[in-house]
Amino acid sequence: MLLTENAPAPARMIDPAFLNDVLTGLGRSPKATPPIWFYDRRGSELFEEITDLPEYYPTRTETALLAAHGADFAAAVGEGRAVVEFGAGSSRKTPHLLRAIAPAAYVPIDISGDFLHASSAALAAAFPGLPVLPVVGDFNRPLALPGAIEGLPRLGFFPGSTIGNMEPDAAVDLLRAMRRLLGHDAKLLIGMDRIKDQDRLIAAYDDAQGVTAAFNLNLIERINRELDGDMPIADFAHRAIWNDEKARIEMHLEAQKTLHFHVAGQYFQMDAGETIHTESSHKYGTRDERLLLRAGGWEPVKAWTDDEGLFGLVLAEAG
Ligand code: AVI
């Protein structure tokens, strides 16, 4: 049962937030752009391909955890909650949780209306009788939950280690905002990628088939197409670096020679070897993940991991 309260935003020619982030990011030193801009249609397709790569363990590991521990989730969470998923539900992960805990409603929140409505329709078809209430919006900004779940206890669901793409201070702010949105008796099930062997991490972000490189370089295609840019894509190379001090994989686009280009009429220059830092993917140890949750107003109560300890799924209660 798909119930829509919010209409998708109308399509625009130039997204002013994208323009502002790119011009500001290319103007600073070192250059950096926020990772949200990877996800145009092509970027989203490439990300889906990444999740199937042999080197990219997070998606299959987390999905296997969700499939394996349904009885535990049901015991810890109980029936009749409203599940609020931060991000459009994935057809691979979300059904495992919904089947296990028999929720009273399902509310996926995503900034991309098209993607959200497609995934919501698929989940509504798979769970007849479950009210599915998609909310189009940016969960990094204040938003309202549908009136239909008023009074229901909530379970926040934030899989995929998406929290890892945020700087730790922004991650704490988001956890606090989730805590406020979900209420005092809420629980949160969150996926976090663990710190591990450096070679394994780098391979996951620099795969042999070059899909992650294409995903990173697609940002340049998007800037050229949507922001009237002339960035020479062939003169950039994908780099994935482990930053040990900050416990994160960084993706960069490295200039292969001195470059001169324009974006929206503004001139930029890059030296050979200079990079644009396009994404950080923070990895958390078992203590770090608990510390992060507590700082965000959540008390961790249980955690599940795979045999190799690659990925953590943590259940926390509103603190
Ligand atoms: C979406 N996010 C959790 C992915 C990650 O692993 O940080 C994005 C990604 N970037 C490169 N590969 C995957």
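Just the heavy atoms: all of them, side chains too, but no hydrogens, waters or symmetry mates, feed the values below. Sequential numbering from 1 along the given sequence is applied to the chain's residues. Just so you know, ligand 1 is whichever comes first in the structure, and atom 1 is the first atom listed for that ligand.
When non-hydrogen atoms are compared, ligand 1 lies under 4.0 Å from neither the backbone nor the side chain of Asn216. Under 4.0 angstrom from ligand 1, the non-hydrogen atoms of Tyr56 all belong to its side chain.
Residue Pro58 places every heavy atom at 4.0 Å or more from ligand 1. Not a single heavy atom of Gly164 sits closer than 4.0 Å to an atom of ligand 1.
Salt bridge status for Asp244 with Lys283: absent, with no side-chain N to carboxylate O gap under 4.0 Å.
Nearest residue to atom 7 (O) of ligand 1 from Ser161, Ser281, Pro35 is Ser281 (criterion: closest heavy atom). One option in Met166, Glu279, His238 has a heavy atom closer to atom 9 (C) of ligand 1 than any other, and that option is Glu279. In this comparison of Asp193, Thr59, Asn165, the heavy atom closest to atom 3 (C) of ligand 1 sits on Asn165.
For the side chain to side chain contact (heavy atoms under 4.5 Å, CB included) with Ile109, the qualifying choice from Val136, Leu145, Leu133 is Leu145, the only one to do so.
The distance from ligand 1 to the heavy atoms of Tyr205 drops below 4.0 Å at these ligand atoms: 5 (C), 6 (O), 7 (O), 10 (N), 11 (C), 12 (N), 13 (C). Residue-ligand proximity, Tyr39 to ligand 1, at heavy-atom distances under 4.0 Å covers atoms 1 (C), 8 (C). Near Gly160, the atoms of ligand 1 lying under 4.0 angstrom from a non-hydrogen atom of the residue are 3 (C).
In this model, no donor atom of one side chain and acceptor atom of the other lie less than 3.5 Å apart for Arg60 and Thr51.
Cation-pi check for Arg99 over Phe127 is not met; the charged atom does not lie both under 6.0 angstrom from the ring centroid and within 45 degrees of its normal.
Heavy atoms from other residues, nucleotides or ligands lying under 6.0 Å from CD of Glu299 number more than 12. Enclosure of atom CZ in Arg225 by more than 12 non-hydrogen atoms of other residues, nucleotides or ligands within 6.0 angstrom is indicated.
Where the criterion is an N or O separation shorter than 3.5 Å, residue side chain and backbone included, Lys283 fails it with respect to ligand 1. Of the N or O atoms in Thr162, none lie within a sub-3.5 Å distance of an N or O in ligand 1.
Inter-residue side-chain proximity for Phe38 and Asn218 is flagged as unmet; no heavy-atom pair is nearer than 4.5 Å. Residues Asp288 and Met192 have side chains not in contact (no heavy-atom distance under 4.5 Å, counting atoms from C-beta outward).
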